[in-house]
Amino acid sequence: MTKKELQETAEYLKSKGFENPEVGIVLGTGLGKLVDEIKNPIVAHYNHIPFFPLATVEFHSGKLIYGEIEGKKVVVMQGRFHLYEGYDLVDVTYPIRAMRELGIKKLLISNAAGSINLDLKKGDLMLIEDHINLQGGSPLAFKDVGQFGERFVDMSEPYDLEMRKTITEVADQKNIPLQKGVYVSVVGPQLETKAEYRYLKLIGADAVGMSTVPEVIVANHLNLPVAAISVITDEGDPDNLEPVDIQEIIRIAGEAEPKMITLFKELIKTI
Ligand code: HPA
């Protein structure tokens, strides 16, 4: 990744009409329906965007969509890049840097996650307050990082307090139950063993997933305020562990999705 490449990515998107988006949004597994709310959409397929990571066949549906939600200009990632698909952490976070290059001022992230804290049930929403990086690397560990910002990025409050407060208030007003907790990221794609669920609980995680943390680290690198919500799609109870079924995860995510869409839309109104 070079500065010039990022600029070319942004130029291409601007030439397609991606002008001055205010908010960037990353939609997680099974959480793509927010795109139906975008007014006057312009679509760019990841495969067509210069210097975007080369998508796998499996990933053909990935696209960046520009338009308006609640009167605000947004750019939405429908589908993200994961480490478990063979990308590296710089690839995985390239779209975040590209959206920042386009001018976004805030970033909203969603993901599907398994619960570690068993007070969190399938279908619950969890506002991420903090995280643990168990992906074995950093998206900032590359030679030229100094050209893009600080090397030693502060992570004392990685999730924006103001947006967290607003999301909490909106959830209250709309009667949407909202849990809060710590998200731990793993590489995947295999799910966790019973011993791993016990370990993740011991180290202080409430939910586990395979994304989000690299994106949040890069948002902090870019001084880009970020908020993230997990949709709990399965329960990692080591004493009653049921085999996880990815179709089931997608189904549960879809059921909980309207609550997440409401929170994001109401938050966007206030931005
Ligand atoms: N573990 C890891 N990633 C996940 C899970 C899980 O249980 N559920 C959804 N993504």
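All heavy atoms count here, side chains included; hydrogens, waters and symmetry mates do not. One-based numbering, in listed order, for ligands and for the atoms of each.
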*Please state whether the rings of Y46 and F52 are parallel, tilted or perpendicular, taking 30° and 60° as the class boundaries.*
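Tilted, since the angle between the ring planes falls between 30° and 60°.
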
*Show the protein residues that qualify under the rule heavy atom under 4.0 Å from an atom of ligand 1, listing them in chain and number order.*
A112, A113, G114, L191, E192, Y197, V208, G209, M210, T233, D234, I249

*Report yes if some heavy atom in the side chain of T29 is under 4.5 Å from a heavy atom in the side chain of N111; otherwise report no.*
no

*Kindly indicate whether the side chain of R80, heavy atoms from C-beta on, has any atom under 4.5 Å from the side chain of I109.*
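Sidechains of I109 and R80: in contact.
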
*Any salt bridge (Lys or Arg N to Asp or Glu O under 4.0 Å) pairs touching residues 113-127, not counting sequence neighbours?*
K122-E248

*Would you give the length of the straight line joining atom CD1 of I176 to atom NZ of K259, rounded to the nearest 0.5 angstrom?*
8.0 Å

_Whether H131 side chain and S185 backbone form a donor-acceptor pair below 3.5 Å_ = no

